[in-house]
Amino acid sequence: MIEIRQEEERKTQCFLVGSAGGDLSELESLISTLEMNIAGKTSLVRPNPTPAYGMGIGKVQEIIQAADEAEADCIIFDFTIEPTKQRNWEKLAKKPVFDRQEVILRIFAKRAKTREASLQVELARLEYSLPRLAHSYGDLSRQRGGNYGSKGSGETQLELDQRGVRLKIRQLKKELEKVVQNRDIQRKRREKFSMPVCALTGYTNAGKSSLMNALTGADVFVENKLFATLDPTTRRLAFKNGNHVLLSDTVGFISNLPHSLVNAFKSTLEEAARADLLLLVLDATAENIKNQYDTCVNVLEEVGASEKPRVVALNKIDCLENEDLKLSALKINFPDASFISAKTGQGLEDLLETIRNRIDIHSMPPYTDLK
């Protein structure tokens, strides 16, 4: 009997290009989340925004040669590439070229589970792809036939496809309006009980879902990858005195989050704007934790939640090396933060007490008394 062993599917090999003075570690994490391999990487020495490629032709050829030598299947930029520049790169490199925004969109598309999340991601993807449709047609999109420069078949097909995408975008927006209406109905039902709401916000992969599970006994999906879950979850958080608040999880933030995704997930992020308190979760082990905090504040400002009272929780302190030394440094930058571990339970009692003191629930009857 002959045994035929199939080779494992070869993972896509990526060549990464970082901005001048930028750090590629976050893009590397995004690529890992997509289960793609990094064949090589480089960073620009200085910005040189030329119209054709966004950098000088010498640097362009150097990057393409390095990608070829690394046998990369694609080139990925850690910054936004305009459609025209993307097309120019693909013609010269003869391989797919895309940017950080498309990487995040692909991750969101894989992670979306609920109807609402799927609609939001599809809307963002179509809005991103609309100005890039011409890539699909190549030279055909520029053909012209007949007299007076009348349009050829390629350009006509492009216009038909663009019209189809715009129609789909309108349909998705209408469907999302219905979803938002249903969410508003559920919110009004909760408001009848006058129960305070605490919104879980924070940087992606900081452990928000793990914290939700630890505090409420929920069974939210947890994975050590960026954007492990996109779907909003709301659970009751009980205190020892019988009082309750609603703990509502939201999508994680990341630096340079595509504006289309902020817009698409606005209905979800509005949970933060309507909350009585924000619980902002950060990864205590992150080297760029201050930048992560600034990113979260910027996104909260964009969705109208910057003035909301907030409690900062630095998670994963059980993973800190030289714990005492690192904690001392973190307390200088975050003097009012709660230092916790959702995994071990360390600091959670103090965090609950902080939440209880920041939300005026002392005069509320226990949840069991609410009708």
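This is a predicted model, so every value here is computed, not measured. In this chain, numbering begins with 1 at the start of the sequence shown. Worth knowing before you read on, the calculation uses all heavy atoms, side chains too, and leaves out hydrogens, waters and symmetry mates.
- In this structure, CG on Leu325 lies 10.0 Å from CG on Leu320, to the nearest 0.5 angstrom.
- Looking at heavy atoms from C-beta onward, Ile107 lies in side-chain contact with Leu34 at the 4.5 angstrom threshold.
- Counted within 6.0 Å of NZ on Lys95, heavy atoms from surrounding residues, nucleotides or ligands total more than 12; the atom is thus considered enclosed.
- When all heavy atoms are compared, the tightest approach of Leu130 to Gln162 is CD1-O, 3.9 Å.
- The one candidate from Val103, Thr12, Asp73, Leu30 that meets the side-chain contact (heavy atoms from CB on, under 4.5 Å) condition with Met36 is Thr12.
- Between Asp350 and Phe339, every side-chain heavy-atom pair lies at or beyond the 4.5 Å cut-off.
- Between Val17 and Ile75, the closest heavy-atom pair is CG2-CG2, 3.9 Å.
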Audit row: Leu92, Asn88, side-chain contact (heavy atoms from CB on, under 4.5 Å) steps and yes/no: CA-CA 6 Å; Leu92 196 62; Asn88 292 340; over 6 Å; no
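- Inter-residue side-chain proximity for Tyr293 and Leu282 is flagged as met; some heavy-atom pair is nearer than 4.5 Å.
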Between Asn315 and Tyr203, is a side chain to side chain donor-acceptor pair (under 3.5 Å) present by the stated rule, with each step listed? CA-CA 11 Å; Asn315 191 24; Tyr203 213 78; over 6 Å; no
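- To the nearest 0.5 Å, atom CG of residue Asp283 and atom CD of residue Gln292 are 6.5 Å apart.
- For the pair Thr201/Cys296, no side-chain contact is recorded, criterion being any heavy-atom separation below 4.5 Å from C-beta on.
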List, one per line, each side-chain donor-acceptor pair under 3.5 Å for residues 328-336, sequence neighbours excluded.
from	atom 1	to	atom 2	distance (Å)
Ser328	OG	Asp324	O	2.9

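- In this structure, Leu119 and Leu176 approach most closely via the heavy-atom pair CB-CD2, 3.8 Å.
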With side-chain contact (heavy atoms from CB on, under 4.5 Å) as the criterion, how do Val245 and Phe239 come out once you've worked through the C-alpha distance, each side chain's angles and the decisive distance to 0.1 Å? CA-CA 8 Å; Val245 299; Phe239 297 97; 3.8 Å; yes
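- Here Ser43 contributes atom OG and Asp78 contributes atom CG; the two are 8.0 Å apart, rounded to the nearest 0.5 Å.
- A salt bridge is absent between Lys174 and Glu177; no separation between the charged side-chain nitrogens and carboxylate oxygens falls under 4.0 Å.
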Go through Gln61 and Gln65 one step at a time and tell me if the side chain to side chain donor-acceptor pair (under 3.5 Å) criterion holds. CA-CA 6 Å; Gln61 292 172 338; Gln65 182 179 349; over 6 Å; no
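- Between the Ser306 side chain and the Glu302 main chain, no donor and acceptor come within less than 3.5 Å of each other.
- Comment: Glu175 does not engage Lys178 in a salt bridge, judged by the lack of any side-chain N to carboxylate O separation of less than 4.0 angstrom.
- Judged purely by atom type and a 3.5 angstrom limit, Asn37 has no side-chain atom pairing as donor or acceptor with the backbone of Gln13.
- Looking only at distances, a side-chain donor or acceptor of Glu90 sits under 3.5 Å from a matching main-chain atom of Val97.
- Looking at heavy atoms from C-beta onward, Lys240 lies out of side-chain contact with Arg356 at the 4.5 angstrom threshold.
- The pair Glu26-Arg100 counts as a salt bridge, with a side-chain nitrogen and a carboxylate oxygen less than 4.0 angstrom apart.
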